[in-house]
Amino acid sequence: MDFSKKRFYTIAHRGASAYYPENTMSAFKAAVDMNADMIELDVLLSKDNIPVVFHDERLDMKTNGSGLVCDYTLSDLKKLDAGSWFDAKFKNERIPTLREVLEFSRNRILVNIEIKPEVVTGKEESGIVELVLDIVEELDMEEVVLISSFDYRVLERLSKRENTIKSALLYEQVQSHGREPSRLAKDYKIDAFNCSRQQLTDNWVSQLNINKIPFFIYTINDEHTMKSLIQVGAKGIFTDKPDVLNKVVGEVIKKAV
Ligand code: G3P
Ligand code: MG
């Protein structure tokens, strides 16, 4: 992914998840229809080691199943209803695999694959990084994918395997041991720095801008915060409302010209 291609990226967080059940095909299709630049999705492993797109460790809140995702095979996960929790009209939504979402996204939209921390998968050294990279490479989508994680071991494994895929660190306090963003960028050889609005300080903003490290902020749904982050130089924003963010981007960037 070449970040110099665009001044700013509208990233649909778990798809257009304010309007559709998160991390489902309908949320990703809507993000494309709303002209988002990128979709963000969360990846976990099924019991039979298939990367699936789902945020929570447990199935209980966002499907009609219960228990840990990693205790179910893909074929069992596919039987679950992943849409009714949001609205009964989405009862046919299924948990998508990473492969399915990437195949849909090809030539349509960029993809940020967030690999969930290993503790969430319930397995040490599950091989999730290698399994994700295998799929991205097999589909020849290295240039349209950004991989991120809160788990810094994931970033270490990414940098060890020869690949051209861009990576981003999702700031996590305990593993950071007081290191600043520019230090973390060097230590983990990452291409972008991601954090929440609450974590971002003025000092970090200057440091990231001076060191030309692209930074992406989550998860912003109000216009005022969107505007201020674009103005201070954020390279992109994760939002559940890509239509709203695109409107704001149009206004701010038009004004700046
Ligand atoms: O990658 C940005 C954001 O998705 C990180 O938090 O919990 O929504 O996956 P979460
Ligand atoms: Mg995420």
Side-chain angles (χ1 to χ4, degrees), residues 1-3 9 11 13-14 23 38-47 49-57 68-70 97-99 101-102 110-196 199-201 204 207-208 210-218 235-236 238:
M1 194 176 293
D2 179 1
F3 296 132
Y9 292 83
I11 309 169
H13 178 245
R14 312 180 194 176
N23 283 325
M38 198 184 305
I39 52 171
E40 184 263 1
L41 52 85
D42 307 287
V43 170
L44 294 167
L45 286 186
S46 65
K47 188 177 182 181
N49 288 320
I50 312 291
V52 294
V53 177
F54 199 74
H55 179 271
D56 301 350
E57 178 184 5
L68 297 169
V69 175
C70 64
T97 62
L98 175 64
R99 183 184 293 275
V101 181
L102 287 178
L110 302 172
V111 184
N112 175 201
I113 301 173
E114 185 197 333
I115 298 183
K116 279 299 172 195
E118 291 278 49
V119 281
V120 172
T121 69
K123 299 169 191 171
E124 271 299 316
E125 292 286 336
S126 63
I128 190 167
V129 175
E130 292 71 22
L131 291 164
V132 166
L133 287 174
D134 286 348
I135 294 171
V136 173
E137 288 172 0
E138 194 188 313
L139 296 175
D140 205 11
M141 291 180 74
E142 293 97 320
E143 299 311 317
V144 293
V145 156
L146 169 68
I147 296 186
S148 62
S149 191
F150 284 109
D151 187 336
Y152 295 0
R153 294 169 304 175
V154 163
L155 304 169
E156 281 168 350
R157 296 229 288 282
L158 261 181
S159 69
K160 273 186 198 134
R161 173 155 146 175
E162 183 90 6
N163 69 79
T164 56
I165 301 169
K166 294 279 190 293
S167 64
L169 175 143
L170 274 155
Y171 182 78
E172 196 281 320
Q173 205 181 354
V174 176
Q175 297 166 89
S176 295
H177 300 296
R179 286 173 289 179
E180 302 266 298
S182 54
R183 179 76 251 165
L184 290 167
K186 284 201 185 85
D187 288 353
Y188 295 100
K189 301 184 180 69
I190 45 101
D191 306 284
F193 178 83
N194 301 2
C195 69
S196 71
Q199 291 164 334
L200 187 71
T201 62
W204 282 12
Q207 188 187 110
L208 289 160
I210 289 167
N211 290 289
K212 297 193 167 45
I213 301 166
F215 57 102
F216 298 86
I217 309 301
Y218 65 89
K235 191 71 187 172
F238 297 89

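The shown structure was predicted, so the numbers you read here are calculated from the model rather than taken from an experiment. Just the heavy atoms: all of them, side chains too, but no hydrogens, waters or symmetry mates, feed the values below.
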Output all residues satisfying side chain to side chain donor-acceptor pair (under 3.5 Å) with [X], sequence neighbours left out; order by chain, then residue number.
{"X": "Glu180", "result": "Gln207"}
{"X": "Ser176", "result": "Tyr152"}
{"X": "Arg183", "result": "Asp187"}

Return the set of residues passing salt bridge (Lys or Arg N to Asp or Glu O under 4.0 Å) with [X] (not counting sequence neighbours), or none when no residue passes.
{"X": "Glu40", "value": "none"}
{"X": "Glu137", "value": "Arg161"}
{"X": "Glu172", "value": "none"}
{"X": "Asp191", "value": "none"}

Closest non-hydrogen atom pair, Leu158 against Asn163: O-ND2, 3.1 Å
With Phe193 via ring pair (Phe, Tyr, Trp, His ring centres under 6.0 Å) - residues at least two apart: Trp204
Which residues share a ring pair (Phe, Tyr, Trp, His ring centres under 6.0 Å) with Phe216, sequence neighbours left out: Phe3
Taking only residues two or more places apart in sequence or in another chain, which ones pass side chain to side chain contact (heavy atoms under 4.5 Å, CB included) with [X]?
{"X": "Asp2", "result": "Ser4, Lys5"}
{"X": "Ser196", "result": "Gln198, Gln199, Tyr218"}
{"X": "Arg99", "result": "Thr97, Glu103, Ile135, Glu138, Leu139"}

Chi angles and distances behind the side chain to side chain contact (heavy atoms under 4.5 Å, CB included) call for Gln175, Tyr188: CA-CA 12 Å; Gln175 297 166 89; Tyr188 295 100; 5.5 Å; no
